[in-house]
Amino acid sequence: MELGLVGLGKMGGNMRERIRRAGHTVIGFDRNPDLADVNSLQGLVDKLKGPRVVWVMVPAGAATQSTIDELAELLSPGDIVVDGGNSRWTDDEKHAEELKAKGIGFVDCGVSGGVWGLENGYALMYGGEKDDVAKVQPIFDALKPEGDFGAVHAGKVGAGHFAKMVHNGIEYAMMQAFAEGWELLEKVDSVTDVREIFRSWQEGTVIRSWLLDLAVNALDDDEHLEKLRGFAADSGEGRWTVEAAIDHAVPLPAITASLFARFGSRQDDSPQMKMIAALRNQFGGHAVESKK
């Protein structure tokens, strides 16, 4: 299968490689010419045979909107646009309607896997019409982890990004719990090796997980996280999760508290946020702030 891929950063570049390893043809475009296979969206569209599938992997908001607007003028009826970025689900509904007016299909896809996805595969949550999803299915199959799990047609347009948003909200709360436990262990005089306590939890405990493994990796790199400033950004999806909870009157105390804890990190050098920052860097390659 042929795929056009727009956005070849940390995620997009690795996704291009994984799809190619599965035997598909990927034509990639990026504003950085050193990464791109073509020098424009027009060049990307011209290289693909119809019906085309173009996957957009750029930052949510204005960058995604402008890319989809341009593709709407370049693509033909029967083509498909996939938004694999971290867009808000309400934007998906708008994009689908705009493209439908031109006979172009739209699928939204939440993608999780970070910098590890190239080797381990990406968890995929996608939304859209069944026929549109079917046209993209070979690419979903190439990107997902091996085995029966790791990908789901979550529902109508917007459902994929809504599912990914909730996933990230849960991720916020899980990381916060590890961070709080780590800080408390570090504060107690009788506990002499916090890193090895975390390592011991990797087998036989109910909290063993990939996040725990990444916490151990981070502590192996910097045992007391002394090189990091206690600051952690929020990508927006935690906020959207809380806003959706308010709209639907669903109580989310743990997720909401973890979001507010990140806001608190912007005021103080929070020990807990050192662990949050370390975990985000481990799984997603997100930037950290070093102590000066």
Side-chain angles (χ1 to χ4, degrees), residues 1-49 51-60 63-64 67-68 70-71 75 79-87 107-126 128 132-153 160-161 164 167-168 171 210-211 213-214 217 235 279-288:
M1 178 177 170
E2 287 187 342
L3 177 75
L5 182 57
V6 182
L8 302 169
K10 291 175 188 172
M11 289 278 282
N14 281 347
M15 288 167 63
R16 174 174 62 176
E17 177 61 23
R18 186 171 175 89
I19 295 166
R20 284 177 173 171
R21 289 180 185 180
H24 301 290
T25 298
V26 182
I27 309 298
F29 170 68
D30 193 275
R31 289 183 300 175
N32 181 347
D34 294 334
L35 303 176
D37 303 311
V38 292
N39 59 15
S40 66
L41 284 179
Q42 178 71 67
L44 180 146
V45 170
D46 289 345
K47 284 273 190 181
L48 298 170
K49 296 188 286 288
R52 306 172 186 88
V53 176
V54 179
W55 188 303
V56 178
M57 202 70 190
V58 301
T64 294
T67 301
I68 290 177
E70 188 172 350
L71 286 172
L75 295 174
D79 293 345
I80 303 287
V81 172
V82 181
D83 179 6
N86 281 332
S87 293
V107 175
D108 65 287
C109 184
V111 182
S112 182
V115 296
W116 301 80
L118 174 59
E119 299 302 329
N120 297 342
Y122 298 88
L124 306 172
M125 296 142 270
Y126 35 91
D132 292 338
V133 168
K135 294 175 183 177
V136 190
Q137 195 63 54
I139 302 302
F140 293 147
D141 292 342
L143 287 170
K144 69 177 288 292
E146 294 183 11
D148 297 332
F149 306 109
V152 61
H153 185 182
H161 280 143
K164 177 57 163 49
H167 165 281
N168 280 25
E171 175 189 296
W210 188 42
L211 274 178
D213 294 342
L214 295 176
N217 288 351
S235 62
L279 283 168
R280 294 178 81 243
N281 179 257
Q282 284 286 325
F283 69 72
H286 298 287
V288 296

Provide the closest heavy-atom pair for [X] versus [Y] in the form atom of the first, atom of the second, distance.
X	Y	result
Lys47	Val38	CG-CG1, 3.9 Å
Asp30	Leu8	OD2-N, 2.7 Å
Leu71	Val45	CD2-CG2, 4.2 Å
Ala142	Ala22	CB-CB, 3.6 Å
Gly113	Tyr122	CA-CD2, 4.2 Å
Ala60	Asn86	CB-O, 3.4 Å

Under 4.5 Å between any side-chain heavy atoms of [X] and [Y], yes or no?
X	Y	answer
Leu5	Ile27	no
Val53	Met1	yes
Val54	Ile80	no
Thr64	Asp83	yes
Leu3	Thr25	no
Phe29	Leu41	yes
Met57	Val111	yes

If only atom types and distance count, is the side chain of [X] paired as donor or acceptor with the main-chain N or O of [Y] below 3.5 Å?
X	Y	result
Lys144	Gly147	yes
Ser112	Ala123	no
Arg52	Gly4	no
Arg280	His286	no
His153	Gly160	no
Asn281	Val288	no

Residue pair Asn168 / Lys164, side-chain donor-acceptor N/O under 3.5 Å |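 Side-chain D/A pair, Asn168 to Lys164: present.
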Give the ring-plane orientation class for Phe283 versus Trp210, where under 30° counts as parallel, over 60° as perpendicular and anything between as tilted.
-> tilted
Test applied, side-chain contact (heavy atoms from CB on, under 4.5 Å); reference residue, Trp55; option that passes from Ile139, Ile19, Val6, Val107 = Ile139
According to salt bridge (charged side-chain N to carboxylate O under 4.0 Å, His left out), who are the partners of [X], at least two apart in sequence or on a separate chain?
X	result
Asp37	Arg16, Arg20
Glu119	Arg21
Glu2	Lys49

Other residues, nucleotides, ligands: >12 heavy atoms within 6.0 Å of Asn217 CG | yes
